[in-house]
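Since the structure comes first, as C-alpha cells, the remarks are kept for the end.
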Number of protein chains: 2
Amino acid sequence: MSLRHALLALLTVEPMTGYDLSKAFQASVSHVWHAPDSQIYPELRRMEADGLLVGTEVPWGPRGKKREYSVTPKGLDAFRAWMNEPLSYTRERDPAHLKAAYLEWAEPDAARAQMHAHIDAYTARRDDWRDKVREIDTGTSTMLEQRLAHAPASEHASIRAYKRYTYEGLIARAEHEIEWAERGLALIDELNADAPTAAHRTRADAAPPAT
Amino acid sequence: MSLRHALLALLTVEPMTGYDLSKAFQASVSHVWHAPDSQIYPELRRMEADGLLVGTEVPWGPRGKKREYSVTPKGLDAFRAWMNEPLSYTRERDPAHLKAAYLEWAEPDAARAQMHAHIDAYTARRDDWRDKVREIDTGTSTMLEQRLAHAPASEHASIRAYKRYTYEGLIARAEHEIEWAERGLALIDELNADAPTAAHRTRADAAPPAT
DNA sequence: CGGACCATGTAAGCGGTTACATGATTCT
DNA sequence: AGAATCATGTAACCGCTTACATGGTCCG
C-alpha cells in the first residue's frame with residue numbers, strides 16, 4: 001500500500017495529471033520508494049475507482065487529452081490514517097547479507113567483486129541522497145518549493161526538517177553499508193593471505209600435488 | 001531467486017527432509033532471509049523438477065512418509081554460480097523513510113509512536129542477531145557446527161568469519177536505525193515544543209480562537 | 001486417548017518487474 | 001520531416017503473504 005500513499009503525498013500539494021505526477025514522482029519520492037510508470041498509471045485508476053481521487057479529462061492540443069487527478073476528502077482521510085498508524089515491520093530479507101553468510105563458497109575474486117558491487121551501489125545512492133539534501137537546503141527542489149508555497153508558513157520548518165531528517169538517515173545508512181563492504185574486502189584479503197591469486201583453486205583442488 | 005539459493009546453501013551441508021530443512025531454515029538463514037513453510041515446500045518441489053535436487057521418499061512410522069532432498073551436481077553448480085556472480089541491486093523502497101519524509105502530516109504523538117515502533121523492531125532484530133553471533137562464538141549453533149563437521153579444517157576459519165561478519169553488519173545497521181529513530185524523537189519534540197499535547201490540533205485548527 | 005509435534009502442502013490474492021504498445025504534440 | 005517528449009497504458013510473469021487444509025506419529 002505504500003505506492004498508494006506516496007501518490008497521495010504528492011497530490012496533497014496540488015492536482016496533477018498522470019504524466020506530471022509521474023515526473024514529480026521520479027524527482028522526489030522515487031528516491032525513497034521506486035515505482036515505474038507501468039505501476040503508477042493503473043494505480044491512479046484504482047485509486048479513482050476507490051474514491052480516493054477524482055480524475056477529470058483535460059484536452060491537450062487539437063486531439064490529445066490527459067487526465068488530471070485531485071485528492072478527495074476520502075483520499076485525504078486515507079492518507080492521514082496511514083500517517084497516524086505505525087507501520088508494520090516485515091521480516092528481514094536481505095540478499096547481500098544472505099550471500100555474505102556463505103561467502104566461503106565464492107572464489108576470492110568473486111567475493112571481492114561482490115563487495116565492490118555493494119560499495120558502488122551504495123555510493124551511488126549516497127551521492128543521490130546528498131544531492132537531495134543539497135536541493136532541500138538551496139531551495140532547488142521544485143516539488144518541495146511547491147509544497148511549501150501551498151502550506152502555512154508555520155509549517156515550513158517541519159516540512160523541511162522531516163525531509164532533511166529522512167535523507168540524512170539514508171545517507172548514514174549508505175555510509176554504513178560502504179564501511180561494511182570495505183571491512184568485507186579486508187576480511188577476504190585476510191582469509192586468502194596465503195593464496196594471492198585464487199583463480200585456479202578448484203583446479204588445484206581437483207589435482208593435488210602428488211608427493 | 002534468493003530463497004532457492006538459501007535452500008541450496010543449507011542442503012550443501014547434508015541431505016535433509018523438507019521438515020528438517022524448514023526447521024534448519026528457521027534456525028539459521030531465516031535471520032537473514034525469512035520464508036514460511038508454504039513457500040519452502042513448493043520451492044523444493046520446483047527445484048527437484050529443475051534438477052537441482054533429488055528427492056527420495058523415506059518411510060516414517062507404519063503409514064507415514066517424508067521426502068529427503070539432496071543436492072545434485074547441477075544444484076551445486078547453480079549455487080556456486082550464484083555465489084560467483086555479483087548481485088544486482090534493486091532500487092530503494094523503504095516504507096519507514098517514505099513515511100518519515102511526510103511526517104508533518106502525522107499527529108505528533110503518532111509520529112512518536114512510529115519512531116518507537118522503529119526502535120522496537122530494530123532492537124528486537126539487534127538482540128536476535130547478537131544471539132546469533134553468540135551462538136557462533138560458543139559453538140551452540142547446530143547448523144553451523146554441522147557445516148563445520150562436514151568441511152575441511154582449513155575452511156573452518158572462513159566459514160565462521162563470514163557468518164560473524166554478516167551478523168555484525170546487521171547489528172551495526174540495527175543500531176544505526178535505532179539511533180536514527182531516536183534523533184527522530186528529538187526532532188519531533190523540538191518541532192512541537194510550543195504544543196506539548198497536540199492531540200486536538202486539528203480541532204483547534206478547525207475552530208481558531210475568535211479575538 | 002489426547003495433545004504435541006511431524007509432515008506437506010493448496011489457493012487466492014497482491015504488489016512489483018520487464019517488456020512492449022500506441023499515438024499525439026511540440027520543437028527545430 | 002523527424003526527434004524529443006507528452007501521455008497512458010497492457011500483459012505475462014514472479015515471488016511473497018495469508019489463511020487454511022489434512023493426516024500421521026509419538027509419548028505420557
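In this text, all values refer to a predicted model and were calculated from it rather than measured experimentally. First the proteins, then the strands, lettered A, B, ... as listed; each starts at 1.
- A salt bridge links A:Arg173 with B:Glu177: the closest approach of a Lys/Arg side-chain nitrogen to an acidic carboxylate oxygen falls below 4.0 angstrom.
- Within a heavy-atom distance below 4.0 Å of DNA chain D, the residues of residues 86-101 of chain A found are A:Arg93.
- Here the P atom of nucleotide D:dC13 and the CZ atom of B:Arg46 are 15 Å apart, to the nearest Å.
- For A:His176 and A:Tyr122, the ring centers sit 6.0 Å or farther from each other.
- Regarding contacts with the backbone of D:dG23, every side-chain N or O of B:Arg63 stays at 4.0 angstrom or more from both OP1 and OP2.
- For the side chain to side chain contact (heavy atoms under 4.5 Å, CB included) test, residues two or more places apart in sequence or in another chain that qualify with B:Ser30 are B:Phe25, B:Gln26.
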Nucleotide pairing, DNA chain D (Watson-Crick or G-U, distances under 3.5 Å), in dot-bracket with [ ] and |: ||||||||||||||||||||||||||||
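- The separation between B:Leu3 atom CG and D:dC16 atom C1' is 10 Å, rounded to whole Å.
- A:Pro42 has its side chain out of reach of A:Arg45: every pair of non-hydrogen atoms, C-beta onward, lies at least 4.5 Å apart.
- Using a 4.0 Å cut-off between a side-chain N of Lys or Arg and a carboxylate O of Asp or Glu, B:Glu104 and A:Lys163 qualify as a salt bridge.
- With sequence neighbours left out, A:Asp128 forms a salt bridge (charged side-chain N to carboxylate O under 4.0 Å, His left out) with no residue at all.
- Using a cut-off of 4.0 Å between Lys/Arg side-chain N and Asp/Glu carboxylate O, B:Glu175 and B:Arg126 are scored as not salt-bridged.
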Summary of protein contacts for nucleotides 1-14 of chain C, nucleotide by nucleotide, where a base hit scores B, a sugar-phosphate-only hit scores S (4.0 Å, heavy atoms): ----SBBBBB----
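- B:Arg112 and B:Asp189 are joined by a salt bridge, as a carboxylate oxygen and a charged side-chain nitrogen come within less than 4.0 angstrom of each other.
- The side-chain heavy atoms of B:His116 and B:Leu185, taken from C-beta on, include a pair separated by under 4.5 Å.
- Between the CZ atom of A:Arg4 and the P atom of C:dG16 there is a distance of 11 Å, rounded to whole Å.
- A residue-by-residue look at A:Gly64 and A:Glu43 shows that A:Glu43 has its nearest nucleotide of DNA chain C further toward the 5' end.
- Computed from coordinates, the B:Ile40 CD1 to D:dG15 P distance equals 15 Å when rounded to whole Å.
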Side-chain donor/acceptor pairs under 3.5 Å, residues 46-55 of chain A, sequence neighbours excluded:
{"from": "A:Arg46", "atom 1": "NH1", "to": "A:Glu43", "atom 2": "OE1", "distance (Å)": "2.4"}
{"from": "A:Glu48", "atom 1": "OE1", "to": "A:Arg67", "atom 2": "NE", "distance (Å)": "3.2"}
{"from": "A:Glu48", "atom 1": "OE2", "to": "A:Gly55", "atom 2": "N", "distance (Å)": "3.3"}
{"from": "A:Glu48", "atom 1": "OE2", "to": "A:Arg67", "atom 2": "NH2", "distance (Å)": "2.9"}
{"from": "A:Asp50", "atom 1": "OD2", "to": "A:Arg4", "atom 2": "NH1", "distance (Å)": "2.9"}
{"from": "A:Asp50", "atom 1": "OD2", "to": "A:Arg4", "atom 2": "NH2", "distance (Å)": "3.2"}

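- Ion pairing of B:Glu145 with B:Arg160 is present here, as a side-chain N (NZ or NE/NH1/NH2) and a carboxylate O approach within less than 4.0 Å.
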